[in-house]
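To start, the structure under review is shown below, and the notes come after it.
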Number of protein chains: 2
Amino acid sequence: MTTARVRDQYHHGDLEVALITTARKFVKKNGLESLSLRQIANEIGVSPSAAYHYFPDRNSLLSALGFSLFEELADYQERELAKVPGASARAARERFRNLGRTYFDWAIREPHFFNLMFSDFCLIESSMDQAREENRAYQTLVHCLDDLVETGSMDKKVRASAELLSWSVVHGTTSLIVSGHLASEDFERALDSLELALGIRK
Amino acid sequence: MTTARVRDQYHHGDLEVALITTARKFVKKNGLESLSLRQIANEIGVSPSAAYHYFPDRNSLLSALGFSLFEELADYQERELAKVPGASARAARERFRNLGRTYFDWAIREPHFFNLMFSDFCLIESSMDQAREENRAYQTLVHCLDDLVETGSMDKKVRASAELLSWSVVHGTTSLIVSGHLASEDFERALDSLELALGIRK
DNA sequence: CCCTTATCTGAACAATGTACAGATGATAGA
DNA sequence: TCTATCATCTGTACATTGTTCAGATAAGGG
């Protein structure tokens, strides 16, 4: 029967994916606070306790979703950067600026996702070095900065702290804009200041 | 009787304060997620529904607590800055650096407070200009930057975007460290980069 | 001293996270 | 093809939560 067919899918390991996908939908709409395991189970058409075979509790589901969002962000950034190819200095500069913009756009479009990603649910427990190696978005930043140096757009002297400064400025303005403490227009101004600070030649 | 004495206090307008104070205690210990109105009421020795005469719902109590924490932060920063008096360039530079450090220390000591302050519960709804005028911590930053210019430690050219850059760098690193994406040591490095970017003379 | 008004209580309700005993269906071996 | 095993899911239950509302209680002014 058709009703049994639906259930069969989850016997093949789709429930874990379905849980995250549905959780994503709810968080996207209403944020994390109001996320209900029962609503998710209901939406999927499964009993409230079925989720407990894949996640020990509600928090774990939110963690899993959060970490998958980091992958999504990395995908999005890589897609956008691919639109600006070329080894020229100009292209490298544009890629760097776009990288910041994608971070900001991602957060503005889905503030609830942004909040989840940097909430307690996604606290990093592994070593800092390992975490950054596994963070593809961070690696993209590293490559962008390398490109700037190689194309002669950025001085080697500032390179050492360039990741730190870039991420801090971009994340800081984004976070403050999402929480309503700064205006959207401030983001481009902050990018200007950042490029100036990094000594990026125009 | 003594038990009645306790209740009498709340007839004189102390319950609103007690609610926020007790909520503060719980958030400090366990964060916002697990904050329970019933536990708070129980701790105070009042019925679960008593809170509803002062706050329309749980969210409003969290908002009130969050905004009061901004005042606390401002108080803390002002107290710390008062420890470095004097109109010298050297004093102005030290005050500026200390201002960043107090922001960071506050967040590290009480990460749950920091999270609440920049969560959905404390979203700014008023106009940006008005919000920043009422934000005493922001005003302290403005004054510190003015001092830097007046004492000749900072160039007027970078003054225009100095608040934006300072707050973004300090808030960005702090937020990323609290969420485990950067290491504590990165904060001082970020401050160094910021001072360099602002052209603060050593 | 009473009466109005602010303040708080008690009981109730629906929703939630979570635990656990059992049912159900897939799959591998005979 | 039948059967036994095992992962997967259901049903029920329980404590806790936010929230509502009718009524009790105390305070303060006339």
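Residue numbers begin at 1 in each chain, while the letters A, B, ... track the order of the sequences. Keep in mind that this is a model prediction, so the values were computed, not measured.
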Given D/dC9, D/dG18, C/dG17, which nucleotide is nearest the side-chain atoms of A/Val46?
D/dC9
Kindly point out which of C/dG17, D/dC9, C/dT9 is positioned nearest to the side chain of B/Ala50?
C/dT9
Base, sugar-phosphate, or nothing: which does A/Leu35 touch, judged by heavy atoms less than 4.0 Å apart?
sugar-phosphate
I'd like to know if the side chain of A/Ser161 and the backbone of A/Leu164 have a donor-acceptor N/O pair within less than 3.5 Å.
no
Taking only residues two or more places apart in sequence or in another chain, which ones pass side chain to side chain donor-acceptor pair (under 3.5 Å) with A/Glu185?
none
Flag, side chain of A/Arg136 to backbone of A/Leu73, donor-acceptor distance under 3.5 Å
no
CD of A/Glu16 versus C1' of D/dC9: gap in Å, rounded?
15 Å
Starting at CG of A/Asn42 and ending at P of C/dG17, how long is that distance when rounded to a whole Å?
12 Å
Indicate yes or no for a side-chain donor-acceptor contact from B/Thr22 to the backbone of B/Leu19 under 3.5 Å, with no hydrogens or angles considered.
no
Rounded to whole angstroms, how far apart are CG on A/Leu15 and C1' on C/dA26?
16 Å
Using a cut-off of less than 4.0 Å, is there contact between a side-chain N or O of B/Ser49 and OP1 or OP2 of D/dC21?
no
Could you pull out the closest heavy-atom pair between B/Val158 and B/Leu198, with the gap in Å?
CG2-O, 3.3 Å
Both A/Arg38 and A/His53 contact DNA chain D. Which one's nearest nucleotide lies toward the 5' end?
A/His53
Using whole Å, what does the distance between atom P of nucleotide D/dT16 and atom CG of B/Leu37 come to?
16 Å
Quick one about B/Arg93 and B/Ser153 (side-chain donor to acceptor, distance below 3.5 Å, no hydrogens or angles considered), yes or no?
yes
To the nearest Å, how far apart are A/Tyr52 OH and D/dA13 C1'?
14 Å
Taking the nucleotide of DNA chain C with the nearest heavy atom to each, does B/Pro48 or A/Gln39 sit closer to the 5' end?
B/Pro48
C/dT18 P sits how many Å from A/Leu19 CG, rounded?
13 Å
Under the side chain to side chain donor-acceptor pair (under 3.5 Å) test, which residues partner A/Asn135, sequence neighbours left out?
none
Mind calculating the distance between CG (A/Asn30) and P (C/dA15) to the nearest angstrom?
16 Å
Sorted by number, residues from residues 55-68 of chain A placing a heavy atom under 4.0 Å from DNA chain C are A/Asp57, A/Arg58
Between C/dG10 and B/Ser47, is there an OP1 or OP2 to side-chain N/O distance shorter than 4.0 Å?
no
Which nucleotide in the set D/dC9, C/dG17, C/dC8 lies at the smallest distance from any side-chain heavy atom of A/Tyr54?
D/dC9
To the nearest angstrom, how far is B/Glu43 atom CD from D/dT17 atom P?
13 Å
